[in-house]
Amino acid sequence: MSELNTKTSPATNQAAGPEEKGRAGNAKKAEEEEEIDIDLTAPETEKAALAIQGKFRRFQKKKKDPSS
């Protein structure tokens with residue numbers, strides 16, 4: 001990764017707008033974060049996903065129709 005940074009032209013670094021700077025900051029944060037490997041086929045993962053989805057659907061229903 002350091003090779004990529006040294007090969008970029010100075011004009012590119014100086015001309016970076018606020019959007020590009022924000023993206024660069026997010027990329028650095030993503031690199032620093034530990035990658036989590038979740039087995040999406042595990043039964044407990046599926047169970048947890050269904051529970052989260054059900055709660056989210058109930059929340060959306062309450063939000064849409066608060067009189068219920």
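None of the values given here were measured: they were computed from a predicted structure.
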Separation between CZ of R57 and CG of L50, rounded to the nearest 0.5 Å: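 So the CZ of R57 and the CG of L50 are separated by 8.0 Å.
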side-chain contact (heavy atoms from CB on, under 4.5 Å) partners of Q60, counting only residues at least two apart: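 For Q60, the residues satisfying side-chain contact (heavy atoms from CB on, under 4.5 Å) (neighbours in sequence not counted) are F56, K63.
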From K62, K61, K55, residue fulfilling side chain to side chain contact (heavy atoms under 4.5 Å, CB included) relative to R58: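 So the option named by the test is K55.
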Exercise: identify the closest heavy-atom pair between D39 and T45: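 Heavy atoms of D39 and T45 come nearest at O-OG1, 3.0 Å.
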side-chain hydrogen bond (donor to acceptor under 3.5 Å, both in side chains) involving D37 - partner list, sequence neighbours excluded: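 For D37, no residue satisfies side-chain hydrogen bond (donor to acceptor under 3.5 Å, both in side chains) once neighbours in sequence are set aside.
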